[in-house]
S.K.: 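Can you keep this structure in mind? I'll have questions shortly.
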Amino acid sequence: MKRARLAESTRRTVTNEFAPPPNAERALLVAVQWQRDGWDAAASLAELAQLARSAGLEVVGAVTQHLPHPHPRHYVGPGKLAEIVALRQELGFTVVLADDELSPAQLRHLEEKLQLKILDRTALILDIFARRAQTREGRLQVELAQLEYRLPRLTRMWTHLSRQTQGGVGLRGPGETQLEIDRRRARERIALIRRQLDEVRRHRERYRQRRRQRRLPVVSLVGYTNAGKSTLLNALTNASVVVEDRLFATLDPTTRRLLLPDGQVALLTDTVGFIHKLPTSLVAAFRATLEEILEAHLLLHVVDLTHPRAAEQAATVRRVLRELGASQYPTLTVLNKIDLLDPGIDPEQLTRDLDLPEHAVLVSAMTGQGLETLRQRIATMLRDLATIVEVRVHIPYRDMRVLSLLEERATISERRYGSEGILIEARVPRFLVPRLEPYMVR
Ligand SMILES: Nc1nc2c(ncn2[C@@H]2O[C@H](COP(=O)(O)OP(=O)(O)OP(=O)(O)O)[C@@H](O)[C@H]2O)c(=O)[nH]1
Ligand SMILES: [Mg+2]
């Protein structure tokens with residue numbers, strides 16, 4: 001019952017959302033319910049609709065189907081496919097949008113059967129990312145992810161690289177079809193972007209070293225997209241990072257100084273939000289951005305408490321953190337948007353329903369409620385993380401980053417060089433322990 005009421009109060013924010021542009025493409029959403037990760041098709045579809053609107057599409061309808069797994073040829077079964085064809089007259093859509101990443105074969109078959117533009121969740125997320133990317137690194141990463149996604153899906157109709165195929169005379173190998181040329185161009189472009197990204201990242205590594213030298217503790221905001229991370233960064237640091245009721249408003253990392261009540265100064269960083277079914281090509285391309293999280297001493301996991309799927313969203317975030325190797329990091333959960341809760345709802349009860357693994361602070365980044373408590377908690381945790389502990393670690397030579405981290409931050413009492421790595425005994429601040437965890441010798 002609480003959830004129902006909550007869903008209503010959340011809906012209020014959803015209706016605030018911007019209207020589609022006047023000549024927006026009309027999209028039909030299609031979802032197969034098959035995954036067992038706590039997300040049902042309805043929730044996943046609601047999110048897909050929000051993604052579609054964020055990408056500028058108008059959603060005109062949705063169909064779902066329960067299947068053990070998506071149909072290998074056309075995602076939905078043949079009966080459902082016929083239903084979609086029939087719906088076309090009535091709803092007048094020009095785009096069909098699938099809630100899972102379609103295989104190249106599924107995409108091709110659906111295009112043939114429906115003679116419509118077919119998009120999937122991944123293409124949509126990539127499109128939103130492409131519009132939002134601001135920095136050079138962000139843009140390169142998105143383009144890389146897009147090319148990786150498109151390469152196996154290239155068909156003769158594919159024209160995205162046609163600009164670059166002009167003047168191809170002489171470059172064209174004998175008997176090479178347009179499709180082969182397109183593929184080769186895409187691969188060349190991928191290689192070029194990789195080289196450019198390497199360069200950008202070398203720059204960033206230098207910046208990171210400078211930041212470490214300043215010796216300020218780093219607190220990273222993590223969380224589901226639209227949870228309120230940027231709003232919280234602004235509220236805590238008087239910054240003016242873009243805040244929007246859209247998915248993926250922030251793509252590029254931003255860092256601000258955070259002044260704490262006990263006089264400590266920390267760096268607070270905000271970055272890209274996570275989402276259910278985050279495309280693998282994006283995770284790979286954004287790996288460097290996401291790995292910034294590994295530089296953090298403390299994570300603030302921001303959760304939109306008023307979202308009907310808050311628990312699933314929080315679980316998704318924890319899963320991504322685990323994949324990144326940050327699951328052992330000290331984390332403070334920040335339950336946000338409490339100003340939106342109906343007066344009848346007890347936030348403490350709601351918190352218990354979420355079944356959180358760690359302590360949580362209730363706040364409203366919008367009204368400022370709870371922020372003083374949050375600042376105190378951050379200060380206490382950072383003080384605790386600065387205490388010194390003794391460790392014995394075996395650092396492999398391949399992980400130079402951890403080695404340089406130790407050189408910078410630890411007092412090393414003993415080193416023994418082996419064939420694979422160095423055995424080190426050192427006194428380190430506690431915040432380094434999760435980072436050293438994989439190499440700990442007991
Ligand atoms: N009512 C209310 N709205 C909030 C609060 N915090 C954030 N919002 C709204 O939630 C929406 C998303 O906020 P952002 O700060 O952009 O969220 P984010 O986590 O940075 O999102 P991404 O950058 O897309 O990952 C915006 O419309 C904010 O105004 C809050 O405490 N109360
Ligand atoms: Mg943001």
Side-chain angles (χ1 to χ4, degrees), residues 6-18 47 50-55 124-135 138 142 219-256 268-279 282-283 286 289-290 292-293 299-310 313-314 316-317 320-321 333-343 345 347 350-351 360-375:
L6 196 58
E8 253 167 55
S9 73
T10 320
R11 221 167 286 139
R12 253 185 290 147
T13 43
V14 173
T15 45
N16 282 341
E17 236 178 319
F18 49 97
E47 187 176 273
Q50 212 182 348
L51 281 167
R53 286 186 217 107
S54 290
L124 203 60
I125 293 176
L126 289 172
D127 190 80
I128 297 171
F129 268 62
R131 290 172 194 218
R132 302 285 156 81
Q134 298 283 330
T135 61
V142 179
V219 180
S220 272
L221 292 161
V222 294
Y224 212 78
T225 179
N226 217 40
K229 299 177 294 298
S230 301
T231 311
L232 189 61
L233 178 91
N234 290 341
L236 288 172
T237 68
N238 298 321
S240 50
V241 173
V242 174
V243 168
E244 272 183 290
D245 194 8
R246 292 193 177 205
L247 303 183
F248 303 115
T250 312
L251 281 195
D252 301 304
T254 313
T255 302
R256 294 285 179 273
L268 185 61
T269 70
D270 177 24
T271 183
V272 56
F274 302 159
I275 197 166
H276 166 55
K277 301 181 188 167
L278 194 64
L282 259 185
V283 177
F286 272 77
T289 299
L290 291 170
E292 281 285 297
I293 291 170
L299 302 179
L300 297 187
H301 177 180
V302 184
V303 179
D304 175 356
L305 183 63
T306 69
H307 197 284
R309 303 288 160 174
Q313 293 189 341
T316 298
V317 170
V320 181
L321 288 176
T333 306
V334 183
L335 301 172
N336 190 30
K337 308 198 187 181
I338 54 169
D339 59 293
L340 283 180
L341 291 178
D342 281 356
I345 293 175
L350 214 53
T351 308
V361 185
L362 291 158
V363 307
S364 164
M366 191 91 110
T367 66
Q369 199 183 336
L371 292 189
E372 254 336 286
T373 313
L374 176 61
R375 282 195 180 89

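Just so it is clear, the structure is predicted and the values come from calculations on it, not from any experiment. In each ligand, atom 1 is the first atom listed, and ligand 1 is the first ligand listed.
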S.K.: Can you tell which of Lys229, Gln369, Lys337 gets a heavy atom nearest to atom 5 (C) of ligand 1?
M.R.: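 Considering heavy atoms of Lys229, Gln369, Lys337, the nearest to atom 5 (C) of ligand 1 sits in Lys337.
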S.K.: Is the closest heavy atom of Ala227 to ligand 1 under 4.0 Å?
M.R.: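 Ala227: in contact with ligand 1 (<4.0 Å).
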S.K.: Give me the one residue out of Leu268, Asp270, Thr269 that meets side-chain contact (heavy atoms from CB on, under 4.5 Å) with Ser220.
M.R.: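 Exactly one candidate clears the test, Thr269.
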S.K.: Considering the heavy atoms of Gly273, write down every atom of ligand 1 situated less than 4.0 Å from one of them.
M.R.: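 So the answer, numbered in order with elements, is 25 (O).
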S.K.: Just heavy atoms, cut-off under 4.0 Å: does Asn226 contact ligand 1 by side chain, backbone, both, or neither?
M.R.: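 Both parts.
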S.K.: Polar contacts were defined as any N/O atom of the residue lying under 3.5 Å from an N/O atom of the ligand; does this apply to Thr225 and ligand 1?
M.R.: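 Right, the criterion is met.
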S.K.: Any side-chain to backbone donor/acceptor pair from Arg256 onto Asn234? Under 3.5 Å, distance only.
M.R.: no
S.K.: Which ligand 1 atoms does Leu340 reach within 4.0 Å, using its non-hydrogen atoms?
M.R.: 1 (N)
S.K.: Could you tell me which non-hydrogen atom of Ser364 sits nearest to which non-hydrogen atom of Asp339, and how far apart they are?
M.R.: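 Heavy-atom minimum between the residues: OG-OD1, 2.9 Å.
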S.K.: Counting from 1, what ligand 1 atoms have a heavy atom of Thr231 closer than 4.0 Å?
M.R.: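 Atoms satisfying the 4.0 Å criterion: 6 (N), 7 (C), 13 (O), 14 (P), 15 (O), 28 (C).
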S.K.: Quick check on the Mg ion (ligand 2): does Ser230 put an N/O/S atom closer than 2.8 Å to it?
M.R.: yes
S.K.: Does any N or O of ligand 1 fall below 3.5 Å from an N or O anywhere on Val363, backbone included?
M.R.: no
S.K.: If the cut-off is 4.0 Å to any non-hydrogen atom of Gly228, which atoms of ligand 1 fall inside it?
M.R.: 7 (C), 13 (O), 14 (P), 15 (O), 17 (O), 18 (P), 19 (O)
S.K.: For atom 1 (N) of ligand 1, which of the options Asp339, Leu335, Asn234 provides the nearest non-hydrogen atom?
M.R.: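 Checking each option, the heavy atom nearest atom 1 (N) of ligand 1 is found in Asp339.
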